[in-house]
Amino acid sequence: MSAETGAAYWALGAIGITGKILGLPVELLLIGGVVGGAMLGRHRETTRLNGIATILLSAVLAASLAPYLPKMFGFEQDLDVFCAVAIAAAWPWVVLELGPMLKSRLSGSKKP
């Protein structure tokens with residue numbers, strides 16, 4: 001595993017606290033955290049703090065966006081688990097791919 005395993009324990013422990021504070025669905029927080037940790041293991045080596053932040057952000061994004069996406073697109077509410085998995089798995093890739101593109105657009109250069 002590329003991240004230290006202690007980071008996953010700290011992050012998954014903090015997910016419950018974060019969910020209680022923000023009022024998010026705990027099952028989607030846990031799904032987002034587990035999927036975020038699994039995706040973190042597939043990417044480059046990282047520090048403990050970066051691993052914790054990645055897992056927590058995966059959990060919070062999945063739990064906050066997943067209940068609303070099926071409604072927004074007119075699907076059944078049962079797809080919120082699928083949306084949580086998709087969000088938690090895809091956001092690190094989206095940030096890595098779109099980050100340089102947004103920086104170049106904001107700086108005014110034409111090259112992506």
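This is a predicted model, so every value here is computed, not measured. Note that the numbering runs from 1 along the sequence shown for the chain.
A63 approaches L28 most closely through the heavy-atom pair CA-CB, 3.8 Å. For the pair G36 and I55, the tightest heavy-atom approach, listed with the atom from each and the gap, is C-CG1, 4.3 Å. Residues L57 and W91 approach most closely at CD2-CH2, 3.4 Å, considering heavy atoms.
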Using distance only, find each side-chain donor-acceptor pair of residues 64-73 under 3.5 Å and give its atom names and separation, not counting sequence neighbours.
unit_1: S64; atom_1: OG; unit_2: V60; atom_2: O; d: 2.7
unit_1: S64; atom_1: OG; unit_2: L61; atom_2: O; d: 3.3

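Atom CD1 of I87 is separated from atom CZ of F82 by 10.0 Å, given to the nearest 0.5 angstrom. Taken from OG in S104 to CG in L102, the straight-line distance is 7.5 Å, to the nearest 0.5 Å.
Here V35 pairs with I31, M39, V85, A88, A89 under the side-chain contact (heavy atoms from CB on, under 4.5 Å) rule; sequence neighbours left out.
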